[in-house]
Each structure stands twice: as structure tokens, then as C-alpha cells.
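The block underneath contains the structure these notes are about, expressed in C-alpha cells.
Just so it is clear, the model here is predicted, and its values are computed rather than measured. So you know, we letter chains A, B, ... as the sequences are listed, proteins then strands, and number each from 1.
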Amino acid sequence: MEIEIISFGKIAEFLQNQELQLEGIVDTEQLREHLENKFPRLSSMKYKLAVNKKLVQVNTLINNNDSVAIMPPFSGG
Amino acid sequence: MEIEIISFGKIAEFLQNQELQLEGIVDTEQLREHLENKFPRLSSMKYKLAVNKKLVQVNTLINNNDSVAIMPPFSGG
Amino acid sequence: MSEKKIKNIFVNGPISSAFIAESIAKHSTKTAIGGHSIFMGQVRADEIEGKTVSAIEYTTFEDAALEKMHEIREEIFEKYPLNCMHVHHSLGNIKNGEICLFVFTSSAHRKPAIDACTEIVERLKAELPIWGKEIFEDNTHQWKENK
Amino acid sequence: MSEKKIKNIFVNGPISSAFIAESIAKHSTKTAIGGHSIFMGQVRADEIEGKTVSAIEYTTFEDAALEKMHEIREEIFEKYPLNCMHVHHSLGNIKNGEICLFVFTSSAHRKPAIDACTEIVERLKAELPIWGKEIFEDNTHQWKENK
């Protein structure tokens, strides 16, 4: 399946927005592992995922054409 | 001795600023009693005294030429 | 005894939004500040037994109020790491919808500014000899009491 | 799901004191209000390893931030008896000394306005996907982290 990856803040400095082809990955836990292999700098960083703009709180299934946001710690205000 | 009485808020509506001659009154406890006899409406009201601009927290001696303020509950803000 | 000058907190008439804006703008050169907290009191058009409050007339025992406010100011600066603290209270006739109290605190991080602002408002209401006379549309009145 | 329209909280550039004054002035017709609470965030000229922060550049995941803010707004109105609630956050380059956050709550009595304002600031900082890039005078940068 194909998902859209969008990234923010300091993660956007090395991880571009892109379409990603996934094989055998069904949930956000597996996606984390995949992303950290593909983008090694991620593994040493704190980040949260949002699937279709909703923050991921527990392991969540991923579907074809989902949009996944990779977000470093928030620092608004 | 003589003291100055100043009053505020709703107390000022019936008790004018004035000089008061006192006989045999030495402290604020006795002054309260004296004032409530002289101005009966005071006895049903909550009020605080200040001697020379300092709020009276405990019974306080009064001296000749002191200025005593009679103050209803505060309602600033 | 502190040597600091006793500041006047009283202004005649309502506190305008232009005055508040100017006060805020003055802080843009104070670049150690990260958070500002403001409380404003506004005169309510309360309805009491069928009559509406059109204004509150504020009076004070000025010398005693300023001395007490000075004491509060020193204690607040002692207790919280504030960069700034400004307090303004109206005297005279303040119509409903107008602002009668403006408390403004600033600190590097938000918590001291917020906590100090709240504490100043509480202490000011409880400890400063200020009285509000609620004036109704028919010119009768009653004396306000803080809860 | 609520039917209420999602409000935009984002403004490009700093929040001016004139904007704040206008926002305050608009409330003078709301005569059920007795207390207003305001929090403002201001960009600090922090010194970090000998370099001074000259500005913060704010970006956001806008759709997600506005949806979350909408949720917070509804929960705050549920929890506190507020008359009004306004939130504005800057995007883009905000220089030190400039205001980047403006939270404004109003209620009949002071406590709900004060408590709601504080809670909104806390939640906004913890829950909204907004990022601040601290830019130093030499144009290097580091990413801000909220404590």
C-alpha cells in the first residue's frame, strides 16, 4: 500500500514530505520501526505520529492512502 | 482627649467626619462601645477601625489627636 | 521600612483599552519577559430586585489603601520572580461595561506571572479600603459587598 | 460531533497591542461580564551558549491544531461558566519582545475566567502541534522545547 508522510519541526529538516510504499506493514508500531530503519536519525528522537490528522495514542491500523504525520515535541505558546 | 473620626462607604451616609471628645476611653474596644452608643446604626453593621491609617487587628491604645477611621466591608475590584 | 516610593494605583474614571494597550506595548523592550498575565474587572449590569446597575461609584481611604498596596507589592515581589507588576484601580463613577481594575504581571516563565496576578487580585479585594456604590438606573443605590 | 464552526486561531506575524486593545474594547457591550483574564506569551531574548535568540519562527500542522483547539474550546466551555474565550497564536517570524500568544477569557465572576485562561495555556502548549524554531543573531537556530 501507499501512504503519505508529512513531517514537521526539526524532523522536517531531514525527512521530506513524501509518498511511501509499504509492504507487510499494518499498524503504527510496525511503521515506527520501518521509519527508524529508513531514517536512522529518527530513532534517537522523541516524536509522535498522527494518522489522518488524529494523534496516535495506541497502536493503530494503517490503511492504503492514509496520511501519517511525524511530529517532534510541541513547542507552541 | 480629642480624636478625629473619619468614615467611609455606607457609614459615611449617617456618620460625618468630626472631632470627638472622649472621656475615660483608652483603647479601641472601649471606643467601639462608645461609637455604637452614640451612633446606634453602627451596632448592626460590620465595620473595622483604623488608627492613624493602620488597620486595627487587636485592641489598640488611643492617644490624644489620633485619627480613627470607621470602615465598612471593603468592596474594591 | 522600605525606601521605595509609594506608587499611586488610583485613576479617576474608567480604565481605557488604549491605556491597557500602551501598558502592554511598553514591555516590548523588556526581552527577559516570556509571559504576561492580566486581570481586568468590569462593571456588571447586575439586576437586583428588578433594577439594573448602571454604574459603580468607587471611593477609597486613599493613604491607607496606597500604604497597604505598597506592602502587598513588596510581598508579591518577595514571593514571585516577577519582572514587572502594575496595578490600576478606578475611582469615581464607572458605568457598566467599563473597566475598573487592571492588574498586570510579567515574568520570564508563565507560572509566576499567573500566580502573582491572581494573588494580587484576591488581596486587593480583601485588604484595600475601597468601596463600591452600585447605582441603579433610577438613581437609587446599594453598597457592593465582595464575596 | 459538534456542529460548531472551527475557528482559526492563527495569525501571521506578531500580535499587536492594538489588536489586543480592540479585542478588550469589544467586550464593553457585554455587561454580564465582571472579570477578564488574559495571558500573553512574549518571545524572550534568551542567551544560549553565548548566542542571543533574536526571533522564534513558528510553524504548525494547521488542520490538526485547529481541530484539537476546537476540542479544547468545547471542553473548556463545558467545564467553566465563561461568557467569552479568544485564542490567537502567531505563525512565522516573531522577534524577541513581540507577542506570539494571546488567550482571553471572560466570566461574570473572576474565578472561572482565571482558571480557564490558565488551563487553556497549559493545554495549548502541551497538545497543539506547533513548533518554535529559535533563531539566533548569527542566523543559526535551535528548536524550542516546552517544559
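Between A:Lys10 and D:Lys133 the shortest side-chain heavy-atom distance does not fall below 4.5 Å. Within the 4.5 Å cutoff, side-chain heavy atoms of A:Ile6 are placed close to those of D:Phe61. Between A:Pro72 and D:Trp143, the closest side-chain pair of non-hydrogen atoms is not below 4.5 Å. The closest side-chain heavy-atom distance from D:Lys68 to A:Lys53 is not below 4.5 Å.
Counting non-hydrogen atoms of other residues, nucleotides and ligands closer than 6.0 Å to CD of A:Gln18 gives a total above 12. Environment of CD in A:Glu33: sparse, with no more than 12 heavy atoms of neighbouring residues, nucleotides or ligands closer than 6.0 Å. Around NZ of D:Lys111, the count of heavy atoms belonging to other residues, nucleotides or ligands within 6.0 Å does not exceed 12. Other residues, nucleotides and ligands contribute more than 12 heavy atoms inside 6.0 Å of the NZ atom of D:Lys51.
Interface remark: D:Ala126 contributes backbone atoms only to the contact with chain A (heavy atom separation under 4.5 Å). Both the backbone and the side chain of D:Glu145 come within less than 4.5 Å of a heavy atom in chain A. Residue contact with chain A, scored on non-hydrogen atoms closer than 4.5 Å, is absent for D:Ser90. For D:Leu124, the part sitting under 4.5 Å from any heavy atom of chain A is the side chain, from C-beta outward, and nothing else. Only the side chain of D:Leu101 comes within less than 4.5 Å of a heavy atom in chain A; its backbone stays farther off. Contact of A:Leu55 with chain D is not made at all, since no heavy-atom distance falls under 4.5 Å.
Residue A:Phe74 comes nearest to D:Glu127 through the heavy atom pair CE1-O, 3.4 Å, listed as atom of the first residue, atom of the second, then distance. Nearest heavy atom pair, residue A:Ser75 against residue D:Gly132, reads OG-N, 2.9 Å.
Within the 3.5 Å criterion, the main-chain N or O of A:Gly77 finds a donor-acceptor partner in the side chain of D:Tyr58.
The greatest number of non-hydrogen atom pairs below 4.5 Å with chain A, out of D:Val43, D:Asp63, D:Thr59, is found for D:Asp63.
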